[in-house]
Amino acid sequence: MYRSNTCGELRASHTGSQVTLSGWVHRLRDKGFVVWVDIRDRYGITQLVFDQERSPKDLLDRARDLGRETVIQVTGAVIERASKNPNLPTGDIELLVTELKVLNRSLTPPFTLEDQTDGGEDIRMKYRYLDIRRNPIKNNLIFRHRVALEVRKYLSDHGFIEVETPYLIKSTPEGARDFLVPSRMNQGQFYALPQSPQTFKQLLMVGGMDKYYQIVKCFRDEDLRADRQPEFTQIDCEMAFVEQEDILQCFEGLTRHLLQEIHGVETGDFPRLTYDQAIRRYGSDKPDIRFGMEFAELNDLAQQKGFKVFDQAELVVGIAVPGAGDWTRKELDALVEWVKRPQVGAQGMVYVKCNADGSFKSTVDKFYAQEDLAAWARACGAKAGDLICVLSGDALPARTQLSALRMELAGRLGLRRPGEFAPLWVVDFPLLERDTQTGNFHAMHHPFTSPKPGQLELLETDPAAVKANAYDLVLNGNEIGGGSIRIHDKQTQETLFRHLGFSPEQARAQFGFLMDAFQYGAPPHGGIAFGLDRLVAILGGQETIRDFIAFPKNNAGRDVMIDAPADIDPDQLRELHIKLDL
Ligand code: ASP
C-alpha cells in the first residue's frame, strides 16, 4: 500500500494515528537539529518532521539529502504542531516520520513549482507535466472537470444522449481550413478532421436520435490568432422537432445551471438583442453588457455645422466614458494615439470633457456651441465629470473601432468585473456575409443554416438582407455558443449551395450524403455548440484558454513538449504515396 491518506487530508483529529503518505518533496527546511519536509500530492501539502531527539540519525541525514520533487513514501505518527499554520488545511498537524522510502528521484525542475512561478510561458509549456503540479493549473483542470460534469448532468437530465461521431471524415465547412490526414489504403486520398460534427449530428436527427450532445474535439486550421487553439473542445448539441425558441430555452437553462452550480449566481431571463441592435448599440455581435457605455449616433446633432470630417462621414458615433472628464491632456492624447494604432485603425478621435460646472470643453470647440455639445451629452447619456469619445467614418469600421475603444476603456476603468456574469442572446444574424476581397457571399454561420421563414425568395433579389434562424450566446463580451435551425429539405439546401457558389456537381460531391438523407424523412431540427475551453476560462474568471487545457499548443500551433508537428520518416511518406517537394 503506497498511502493510507492523502497529503491534504490530515487534521488535528488524526493526532496519534499511524499513517503512510506518498508524494513529492515540495520544500525542505534544514535547521541542523531538525529537518522539515513538505510533502505534496494533488490534494495538498503535509509537513513532515525529522529531528535529533526523536529520529534515528541516519533517517535525519537521509531527509536532509532529499532533493526537490523527489517522490517519497513516508510512514509515521500524526502529531500536533507546536506552531500551527492557519493558512494550510493540514496546518494543525505534522508527521513524525519513522520510515522514509525514496520511490523515485527527480532532476531539479527548471522552474519553481509554486503558485507564482519564475518560469516563463515557453519553459512551462515544454515541461507541462511539471506545470500541472502547480496549484493554478491543477485547479483549472479540476475546475474544467467540474464544468464538464455539470454539463453532462444537465443534458442527460434533459434527455440528451451522448453519441460519438468520427474524426476521420471529409470536409465540414465552418469557415476554416481542414486538417488533412492522408489515407495509406486509398492512395492519393485524404480524410479531413472535423471542424465540427455538424453534418453527423444532423444525420443523427435523421436517425431519430432526437436529442444529441457530445463533448468533442474539433480541428480548425486557422491563421494564428492569440488564444486560439487548432484543436479545441465543443459541447456540441442537436435537437429534432424544435424551433429557435425551444433551443434558446434549453440552453439558457444549461448556462443558468452552470452559473448556479459553479458560482451560486442566480440569473434571470437572458436579454436578447438582434444582430442589428447589437451592432448599433455596441458595435459588436458579442457585446459585453456588464456595463453601459452604449453607442449614440450623433449624425443629426453633429453634421452640417461646418466640421468637414463629420459632414463627410456615413456615421458619427459616440460613447460616454464615466468619470473620465478630468483626464489630463497627456492621457487624452495617448487615447487618441491608441485609436489610431493599426490594430484599431481610426483616423482620429474627437472628445468632449463634461466639466463639473456643467460646461463642455471639446477638441472641436471651433465648430460647436455649448448647446450642441450639451445635446451630444444627452444623446450619449454623459453626466458632469464624464468624457465623450466620438469616432466617425464609414459605419462598419467606425462602429468596430468604437467597440474596441469601449472595451479598452471599460477594462481600464475596472468595469469588466470578473465575478459578474452578464449573458445574452444575439439573434437574427444575417444568413450570408460578403467577402470584402472577392465580393463572393459565404455563409455567416455555416451552409446548413436555414433562412428565417419567408425569406428564401429574398435570396434571389437581396441576398445580403436575408436573416438566418441563427443565434449566439454571449457571455461577458465572448461568444460562448452559437447555432441555428437547420435546413432539412433537399431543395432548400440545393438553393443555398447555389448561392454560396457551389456548382450542383460540387454540392453533390461534397454533401450528396446529407441531401440524400434529407430525402428520407428528415425531421425539422436545430442545435448549438459551445466552446468548452473558453466557457471554462470565463467561468473561471480568466481569459486565457491555454491555462484550462492540459496540453495546449502555443500561438504558433506547436506542441513544444512533444515537439509537434515534426518531420516524417521517408518510409512513412512513401507508404502514404506522398512526395515532398520542399
Ligand atoms: N457546428 C456549429 C459550430 O461549430 C454549431 C452549430 O451550428 O450547432 O459553430
Side-chain angles (χ1 to χ4, degrees), residues 151 155 160 162-167 169-179 192-206 209-222 225 228-240 242-252 254-255 275 285-286 425-433 442-452 467-475 478-488 493 496 500 510-511 514 522-535 545:
V151 168
L155 291 174
F160 286 79
E162 184 160 19
V163 182
E164 289 171 82
T165 52
Y167 283 153
I169 62 168
K170 65 185 197 180
S171 183
T172 304
E174 296 275 3
R177 278 192 198 85
D178 293 320
F179 279 101
L193 298 180
Q195 293 185 36
S196 80
Q198 185 59 37
T199 47
F200 285 94
K201 66 175 173 174
Q202 293 191 238
L203 293 169
L204 284 170
M205 295 305 108
V206 182
M209 283 309 287
D210 196 44
K211 286 177 170 182
Y212 140 94
Y213 85 101
Q214 184 183 191
I215 294 187
V216 61
K217 275 290 175 70
C218 301
F219 306 86
R220 297 186 190 176
D221 188 2
E222 284 179 294
R225 252 199 265 167
R228 281 268 180 132
Q229 290 283 315
E231 58 177 299
F232 60 97
T233 306
Q234 281 191 343
I235 308 163
D236 190 46
C237 310
E238 196 77 3
M239 302 166 85
V242 285
E243 293 173 335
Q244 175 166 309
E245 188 59 34
D246 302 304
I247 303 230
L248 300 195
Q249 293 292 343
C250 180
F251 292 96
E252 188 163 320
L254 170 63
T255 312
Y275 172 84
D285 60 3
K286 43 180 184 352
W425 290 105
V426 177
V427 299
D428 296 356
F429 276 80
L431 183 69
L432 305 174
E433 201 174 26
H442 60 89
M444 191 152 181
H445 188 49
H446 52 53
F448 316 108
T449 296
S450 80
K452 287 228 151 246
K467 295 282 188 251
N469 252 331
Y471 32 80
D472 276 358
L473 185 60
V474 175
L475 182 59
N478 296 278
E479 179 207 321
I480 57 161
S484 61
I485 298 294
R486 326 297 183 190
I487 295 165
H488 65 280
Q493 192 63 72
L496 227 103
L500 293 171
Q510 265 199 59
F511 301 110
L514 186 67
H525 62 284
I528 191 167
F530 290 79
L532 180 66
D533 311 288
R534 173 134 301 118
L535 177 65
I545 68 173

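Counting starts at 1 for both ligands and their atoms, in listed order. Position 1 is the first residue of the sequence; numbering continues from there.
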Next item on the list: Measure across Pro197 and Val216 and return the closest heavy-atom pair with its distance rounded to 0.1 Å.
Entry: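 In terms of heavy atoms, the two residues are closest at CG-CG1, 3.7 Å.
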Margin query: Restricting to non-hydrogen atoms, name the atom on Gln198 and the atom on Phe448 that form the minimum distance, rounded to 0.1 Å.
Written below: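 In terms of heavy atoms, the two residues are closest at CG-CD1, 3.6 Å.
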Note to self: When you measure from the side chain of Asp533 to the backbone of Thr233, do you find a donor-acceptor pair of N or O atoms at a distance under 3.5 Å?
What the structure shows: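 Such a contact is found between Asp533 side chain and Thr233 backbone.
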Check: Within the side chain of Lys201, is there an N or O that forms a donor-acceptor pair under 3.5 Å with the backbone of Cys237?
Finding: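 A pair under 3.5 Å: yes.
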Next item on the list: Please round to the nearest 0.5 Å and tell me the distance separating atom CD1 of Ile485 and atom OG1 of Thr449.
Entry: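 Going from the CD1 atom of Ile485 to the OG1 atom of Thr449 covers 9.5 Å.
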Next item on the list: Any chance you could measure His488, atom NE2, to Arg486, atom CZ, to the nearest 0.5 Å?
Entry: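 His488 NE2 to Arg486 CZ: 13.0 Å, rounded to 0.5 Å.
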Please tabulate protein-ligand N/O pairs under 3.5 Å for ligand 1, atom names and distances to 0.1 Å.
from: ligand 1; atom 1: 1 (N); to: Glu174; atom 2: OE2; distance (Å): 2.6
from: ligand 1; atom 1: 1 (N); to: Ser196; atom 2: OG; distance (Å): 3.3
from: ligand 1; atom 1: 1 (N); to: Gln198; atom 2: OE1; distance (Å): 2.7
from: ligand 1; atom 1: 4 (O); to: Glu174; atom 2: OE2; distance (Å): 3.4
from: ligand 1; atom 1: 4 (O); to: Arg220; atom 2: NH2; distance (Å): 3.0
from: ligand 1; atom 1: 4 (O); to: Gln234; atom 2: NE2; distance (Å): 2.9
from: ligand 1; atom 1: 7 (O); to: Gln198; atom 2: OE1; distance (Å): 3.4
from: ligand 1; atom 1: 7 (O); to: His445; atom 2: NE2; distance (Å): 2.7
from: ligand 1; atom 1: 7 (O); to: His446; atom 2: NE2; distance (Å): 2.9
from: ligand 1; atom 1: 7 (O); to: Arg486; atom 2: NH1; distance (Å): 2.7
from: ligand 1; atom 1: 7 (O); to: Arg486; atom 2: NH2; distance (Å): 3.3
from: ligand 1; atom 1: 8 (O); to: Lys201; atom 2: NZ; distance (Å): 2.6
from: ligand 1; atom 1: 8 (O); to: Arg486; atom 2: NH2; distance (Å): 2.6
from: ligand 1; atom 1: 8 (O); to: Ile528; atom 2: N; distance (Å): 3.4

